[in-house]
Amino acid sequence: MKLRLQLFEFEDLPWFPSVIRAGMMDYLRFMISALGTYQPIVPLLQGALRETRQAHLLELGAGAGGGTAGVLRRLQATGLAEARVTLTDLYPQPAAWQLLQAHTPGLGFEAAAVDATAVPASLTGFRAIFSAFHHFPPAAAEAILADAVRQRAGIGVFEGAGKHWAELLLACTVLPVAQLLITPFIRPFRFSRLFFTYILPLIPLFTIWDGCVSILRLYPPEQLLALARRADPEGTFRWQAGVVRHWWGPEVTYLLGVPHETER
């Protein structure tokens with residue numbers, strides 16, 4: 001699928017009820033973690049961290065932190081024992097992050113809002129964006145990459161899907177059924193999550209819309225590279241983009257940028 005439509009996602013809207021947004025993010029965190037969505041990119045990320053001589057991941061647009069704990073544990077278990085992660089977001093979710101922190105050594109968070117297009121210089125580390133880059137229109141996406149280039153911070157963009165019509169079909173059929181089945185098992189327990197899933201099913205309905213729009217907004221590898229080249233006109237970074245696949249089928253689309261000087 002080459003088509004990219006910049007439609008809106010409800011979770012991006014400032015007025016969208018926080019209780020519904022939190023329910024949607026909790027579901028995504030649970031699914032991404034349970035399925036190990038980002039495990040295939042760990043070797044790529046590990047290589048980029050070594051090139052930049054970093055052990056600290058600064059996650060931008062972290063949402064509820066889905067998949068981050070699993071990636072961190074895998075990094076720590078495969079040669080980067082000192083690896084750690086700091087979660088940040090424009091809409092921080094400290095309640096969800098505190099739960100992750102309690103069960104994940106090396107994971108912390110920044111409680112203040114962080115704009116991914118203008119990251120404070122005090123927040124250092126290799127920047128990583130999981131499942132969030134598609135939220136940004138081209139100008140903002142380019143600004144995120146340009147800010148990393150300006151601050152000489154390596155960056156990785158990872159989207160837990162490929163751009164296929166089959167993904168849209170899954171978002172409308174299989175995944176809503178899975179959401180109804182797993183919601184009682186999501187922690188921390190919230191009565192509001194049950195109410196807005198089974199009594200007034202706003203969480204699953206908005207999740208279907210946002211899931212479909214996410215796929216339509218996804219940047220394929222060639223578009224990611226085009227954004228990177230515009231963000232880095234002097235060619236001060238080495239960029240690579242592509243797709244890696246789980247052994248059981250699903251894809252992860254990625255972009256990695258490493259300052260050239262770190263390769264010496």
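The structure displayed is predicted, hence computed values, not measured ones.
- If you check the side chains of Y38 and S131, you find a donor sitting under 3.5 Å from an acceptor.
- How far CZ of F130 is from CZ of F158: 5.5 Å, rounded to the nearest 0.5 Å.
- Of the possible polar contacts, one joining the Y198 side chain to the L180 backbone as a donor-acceptor pair under 3.5 Å is found.
- The shortest distance between side-chain heavy atoms of T68 and L100 does not fall below 4.5 Å.
- Using the six-membered ring where Trp is involved, W209 and F8 have ring planes that are tilted, between 30° and 60° apart.
- The closest donor-acceptor contact from the side chain of Q151 to the backbone of V119 lies under 3.5 Å.
- Residues forming a ring-ring contact (aromatic ring centres under 6.0 Å, His included) with F195 (at least two apart in sequence, or on another chain): none.
- L28 and L175 end up in the same hydrophobic cluster when Ile, Leu, Val, Met, Phe, Trp and Tyr side chains are linked at under 4.5 Å.
- In terms of modelled atom types and a separation under 3.5 Å, the side chain of D210 and the main chain of E9 share no donor-acceptor contact.
- When every heavy atom of Q6 is checked against every heavy atom of P137, the shortest pair comes out as OE1-CA, 3.5 Å.
- Side-chain N or O atoms of R73 include none that pairs as donor or acceptor with a backbone N or O of T104 at under 3.5 Å.
- When hydrophobic clusters are built by joining Ile, Leu, Val, Met, Phe, Trp and Tyr residues whose side-chain heavy atoms come closer than 4.5 Å, directly or via intermediates, I129 is not grouped with L72.
- Checking side-chain atoms of Q76 against main-chain N and O of P105 turns up a donor-acceptor pair under 3.5 Å.
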Discussion item. Let's go through T197 and Q179 carefully: what are the C-alpha distance in whole Å and the side-chain angles of both, what is the deciding distance for side-chain hydrogen bond (donor to acceptor under 3.5 Å, both in side chains) to 0.1 Å, and is it a yes or a no?
Written reply: CA-CA 9 Å; T197 297; Q179 187 170 17; 5.5 Å; no
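- Residues F237 and F133 share a hydrophobic cluster, clusters being chains of Ile/Leu/Val/Met/Phe/Trp/Tyr side chains in contact below 4.5 Å.
- Taking the six-membered ring for Trp and thresholds of 30 and 60 degrees, F10 and F16 have ring planes inclined between 30 and 60 degrees apart.
- E167 places no side-chain N or O within 3.5 Å of a backbone atom of A161 that could act as its donor or acceptor partner.
- Interatomic distance, R84 CZ to L58 CG, rounded to the nearest 0.5 Å: 10.0 Å.
- Here the side chain of R29 pairs no donor or acceptor atom with the backbone of G65 at under 3.5 angstrom.
- Looking only at distances, a side-chain donor or acceptor of E110 sits under 3.5 Å from a matching main-chain atom of A112.
- Scanning for ring-ring contact (aromatic ring centres under 6.0 Å, His included) contacts around F196 gives an empty result, with sequence neighbours left out.
- Using a 4.5 Å cut-off on side-chain heavy atoms (C-beta onward), R229 and W239 make no contact.
- One side chain, T86 or H56, offers a donor N or O that lies under 3.5 Å from an acceptor on the other.
- Residues satisfying the ring-ring contact (aromatic ring centres under 6.0 Å, His included) criterion with F30, sequence neighbours excluded, are absent altogether.
- Contact record, G63 with M25: CA-SD, 4.3 Å, taken as the closest heavy-atom pair.
- Counting only distance, with no hydrogens or angles, the side chain of T88 and the backbone of E59 share a donor-acceptor pair below 3.5 Å.
- At distances below 3.5 Å, at least one donor-acceptor pair connects side-chain atoms of R21 with backbone N or O atoms of E11.
- Using a 4.5 Å heavy-atom threshold, the side chains of L145 and L224 count as separate.
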